[in-house]
Amino acid sequence: MTNEELCALANQGDADAQNLLIENNLRFIKKTSYEVWNTQPKLNCSLHIALDDLVQEGALGLLGCIESYNPDSGNLFLT
């Protein structure tokens, strides 16, 4: 099932579709979180920001994007 189809199901209230959407995109979330975290190592240390916290925020951000995604725009879910 594509991200777009899962997003449509999640918008209808399907919690399993939300979970599957997060699982399918967790690798992307982890990669992006690492890139952001790795750009400012001194700042991360001084603010006590852990990589796991950024991954968690990325997953929460993805959940927020589900509600605002418009499949009629012609864009893929993660573009």
Side-chain angles (χ1 to χ4, degrees):
M1 192 171 273
T2 66
N3 283 341
E4 292 75 23
E5 293 169 338
L6 288 171
C7 196
L9 289 173
N11 277 331
Q12 296 172 1
D14 188 351
D16 291 333
Q18 279 185 346
N19 291 335
L20 194 54
L21 199 55
I22 294 295
E23 288 176 20
N24 288 350
N25 295 292
L26 192 56
R27 185 173 172 187
F28 172 77
I29 293 169
K30 286 181 178 181
K31 179 181 177 273
T32 305
S33 298
Y34 179 75
E35 288 173 1
V36 169
W37 185 78
N38 201 31
T39 58
Q40 298 288 331
K42 290 181 182 179
L43 183 62
N44 294 335
C45 257
S46 64
L47 294 176
H48 305 289
I49 297 173
L51 180 58
D52 291 338
D53 292 337
L54 285 179
V55 171
Q56 185 176 21
E57 287 296 322
L60 290 173
L62 185 70
L63 285 175
C65 291
I66 292 171
E67 298 169 4
S68 62
Y69 175 69
N70 181 9
D72 297 331
S73 66
N75 294 326
L76 296 175
F77 182 67
L78 285 178
T79 55

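Here the side chains of Asn24 and Leu20 are in contact, with some heavy-atom distance below 4.5 Å. Proximity of Phe77 to Leu6: side-chain heavy atoms (C-beta onward) are nowhere separated by under 4.5 Å. Side-chain contact between Ile66 and Asn11 is present, with heavy atoms from C-beta onward closer than 4.5 Å.
Going from atom OG1 of Thr32 over to atom CZ of Arg27 covers 11.5 Å, rounded to the nearest 0.5 Å. Once rounded to the nearest 0.5 Å, the distance linking CD of Gln18 with CG of Leu62 reads 9.5 Å. Here the straight-line distance linking atom CG of Leu47 with atom CG of Asp53 works out to 11.5 Å at 0.5 Å rounding. Atoms CG and CD, from Asp16 and Glu23 in turn, are 9.5 Å apart once rounded to the nearest 0.5 Å. Expressed to the nearest 0.5 Å, how far CG of Asn3 lies from CG of Asn25 amounts to 4.5 Å. Ser33 OG to Asn38 CG: the interatomic distance, rounded to the nearest 0.5 Å, is 12.0 Å.
Asn44 places a side-chain N or O within donor-acceptor distance of the main-chain N or O of Trp37, the cut-off being under 3.5 Å. Using modelled atom types, one side-chain atom of Tyr69 and one backbone atom of Asn75 make a donor-acceptor pair closer than 3.5 Å. Without hydrogens or angle criteria, Glu5 side chain to Thr2 main chain gives a donor-acceptor distance under 3.5 Å. With hydrogens and angles disregarded, a donor-acceptor distance shorter than 3.5 Å links the side chain of Thr39 to the backbone of Val36.
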- Task: May I have the step-by-step check of side-chain contact (heavy atoms from CB on, under 4.5 Å) for Gln40 and Ile49, ending in yes or no?
- Result: CA-CA 10 Å; Gln40 298 288 331; Ile49 297 173; over 6 Å; no
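Taken together through direct or relayed side-chain contacts under 4.5 Å among Ile, Leu, Val, Met, Phe, Trp and Tyr, Leu26 and Met1 form part of one hydrophobic cluster. If you chain together hydrophobic residues whose side chains sit under 4.5 Å apart, Leu63 and Val55 fall into the same group.
Contact between Ala17 and Ala10 at its shortest, heavy atoms only, is CB-N, 3.8 Å.
Counting heavy atoms of neighbouring residues, nucleotides and ligands inside a 6.0 Å radius, atom CD of Glu67 does not exceed 12 of them.
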